Enquirer: 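Shown below is the structure under consideration.
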Amino acid sequence: MVTCRHCIDLLVDYLEGQLPPDKEKALDDHFMACPPCLDFLDQYRAASSLSRRALEEEIPPVLAQKLDEFLRKNCK
Amino acid sequence: MSTDAAVKLHSDDELVARLRDTRDRAAFEELVRRHRNRVFALALRMTRNEEEALEIVQDTFLSAWRKLPEFRGEAQFGSWVHRIAANFALMKLRHQKVVDAVEEPLEGPDGRFRPDGHWDVYPTGLWGRRADELVLDAELRARLIAAVEKLPETYRAVFMLRDFDGLSYDEIAETLETTVPAVKSRLHRARLALREDLATYFDQKVGA
């Protein structure tokens, strides 16, 4: 029987389908039966997806121009 | 000779081939245009400073221009430039540190368990379930950026390269001169820290 802690420890591989089939099934079953773990799983995934959205940047036009000038000057 | 308009229709692979064969400036400029925002994002989060981030972006694309004859195309051009950028960022950060300073390992509550492996304190809040619908307002965005910038540098680099840039574990391990298990461990710790920070944020909002 997998403990809650053990499930959390395996999240990286679990979320990418990298666990052996029996282990993956054990975690699937656990998440179905354990609401706190399911909440944690959702939050763990959400932390990544929200961060991904937040981290998008557009290089400011002034810096983009400096970049262009630099490359024009140095890329020979 | 390609016009600017025509260049936009080509894939990265086609532009890289054109650049490698003929040093086509239009092709290079288009590749820079396509990838500069994400390279800037990576550099900015690593250095936490716009001017230093710009230096890294400049060095990255200059390096790409010079090294392109060696670029075999086994990886995506985007992954390749992100690896170059990560290397420049980490070098810069290391130079800025006191010599021999060792990075603190990222410890922290990974959900609060009892010794028997069961929950001591339940993770609360439904924010995890509705994450894709959540509006990313300025406050939440600032909070997320601050949380990422608080991560120790290698954890930050791993998180950015994997969860933001989508590089493979092998690529990240090679870039950071470490092993895949070490990368996965750092990624996990980084995600746990971010989750913890967000949980605090959303708990406070509910309580307010």
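Just so it is clear, the structure is predicted and the values come from calculations on it, not from any experiment. Labels below follow one simple rule: chain letters A, B, ... track the order of the sequence lines, proteins then strands, and each chain is numbered from 1. Every heavy atom of this structure was used, including side-chain atoms; hydrogens, water molecules and symmetry mates were not.
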Enquirer: Between B/His118, B/Arg23, B/Arg143, B/Arg162, which residue shows the highest count of heavy-atom pairs closer than 4.5 Å to chain A?
Expert: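 Most pairs with chain A among the choices: B/Arg162.
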Enquirer: Most heavy-atom pairs under 4.5 angstrom with chain B, which of A/Thr3, A/Val2, A/Leu11, A/Leu55?
Expert: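 Among A/Thr3, A/Val2, A/Leu11, A/Leu55, the one with the most close pairs to chain B is A/Leu55.
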Enquirer: For each of B/Arg114, B/Arg25, B/Arg191, B/Glu55, tally heavy-atom pairs with chain A at distances under 4.5 Å, and name the one with the top tally.
Expert: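 Maximum pair count with chain A is reached by B/Arg191.
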Enquirer: Is any side-chain heavy atom of A/Pro35 closer than 4.5 Å to one of B/Tyr122?
Expert: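 No - every pair of side-chain heavy atoms lies 4.5 Å or more apart.
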Enquirer: Please check: side-chain N/O of B/Asn37 versus main-chain N/O of A/Ile59, any donor-acceptor pairing under 3.5 Å?
Expert: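 Checking the backbone N and O of A/Ile59 against the side chain of B/Asn37, a donor-acceptor pair under 3.5 Å is found.
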Enquirer: Is A/Cys75 close to B/Phe61 at the side-chain level, that is, under 4.5 Å between some pair of heavy atoms?
Expert: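 The answer is no, as the side chains (C-beta and beyond) never meet within the 4.5 Å cut-off.
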Enquirer: Just by distance, do the side chain of A/Arg52 and the backbone of B/Phe164 share a donor-acceptor pair under 3.5 Å?
Expert: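 Side chain of A/Arg52 to backbone of B/Phe164, a donor-acceptor pair under 3.5 Å: no, none is there.
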Enquirer: Nearest 0.5 angstrom please: A/Ile8 CD1 to B/Leu192 CG, how far?
Expert: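 Answer for the CD1-CG pair, A/Ile8 versus B/Leu192, is 8.0 Å.
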Enquirer: Do A/Leu71 and B/Trp65 make a side-chain contact, defined as non-hydrogen atoms from C-beta onward lying under 4.5 Å apart?
Expert: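 A side-chain contact is absent here, since even the closest heavy-atom pair is not under 4.5 Å.
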Enquirer: With a 4.5 Å limit on heavy-atom distance, are the side chains of A/Lys66 and B/Glu51 in contact?
Expert: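 Heavy-atom side-chain distance check passes, below 4.5 Å.
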Enquirer: Heavy-atom pairs under 4.5 Å with chain A are the metric here; pick the option from B/Arg130, B/Glu50, B/Arg66 that has the most.
Expert: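 The answer is B/Glu50.
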Enquirer: If you define the side chain from C-beta out and look only at heavy atoms, does anything of A/Glu57 sit under 4.5 Å from B/Arg45?
Expert: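 The answer is yes; the side chains approach within 4.5 Å.
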Enquirer: Measuring only between side-chain heavy atoms, which start at C-beta, is A/Phe70 closer than 4.5 Å to B/Val57?
Expert: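 Result no, sub-4.5 Å side-chain heavy-atom pair not found.
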Enquirer: What's the spacing between B/Phe159 CZ and A/Ser51 OG if we round to 0.5 Å?
Expert: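 One gets 4.0 Å once the value is rounded to the nearest 0.5 Å.
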Enquirer: Which bit of A/Cys37 comes within less than 4.5 Å of chain B, counting heavy atoms only: side chain, backbone, both or neither?
Expert: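 Contact with chain B involves both backbone and side-chain atoms of A/Cys37.
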Enquirer: Would you say the side chains of B/Tyr169 and A/Glu16 form a donor-acceptor pair under 3.5 Å?
Expert: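 Yes - a donor-acceptor pair under 3.5 Å links their side chains.
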Enquirer: Centres of the B/His188 and A/Tyr44 rings: under 6.0 Å?
Expert: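 Between A/Tyr44 and B/His188, which both carry aromatic rings, the centre distance is below 6.0 Å.
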Enquirer: Does some side-chain heavy atom of A/Asp42 sit less than 4.5 Å from a side-chain heavy atom of B/Trp127?
Expert: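 Of all side-chain heavy-atom pairs linking A/Asp42 with B/Trp127, none is under 4.5 Å.
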Enquirer: Tell me, do B/Asp132 and A/Ser49 make a side-chain contact under 4.5 Å, heavy atoms counted?
Expert: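 When only atoms from C-beta onward are counted, A/Ser49 and B/Asp132 do touch, with a gap below 4.5 Å.
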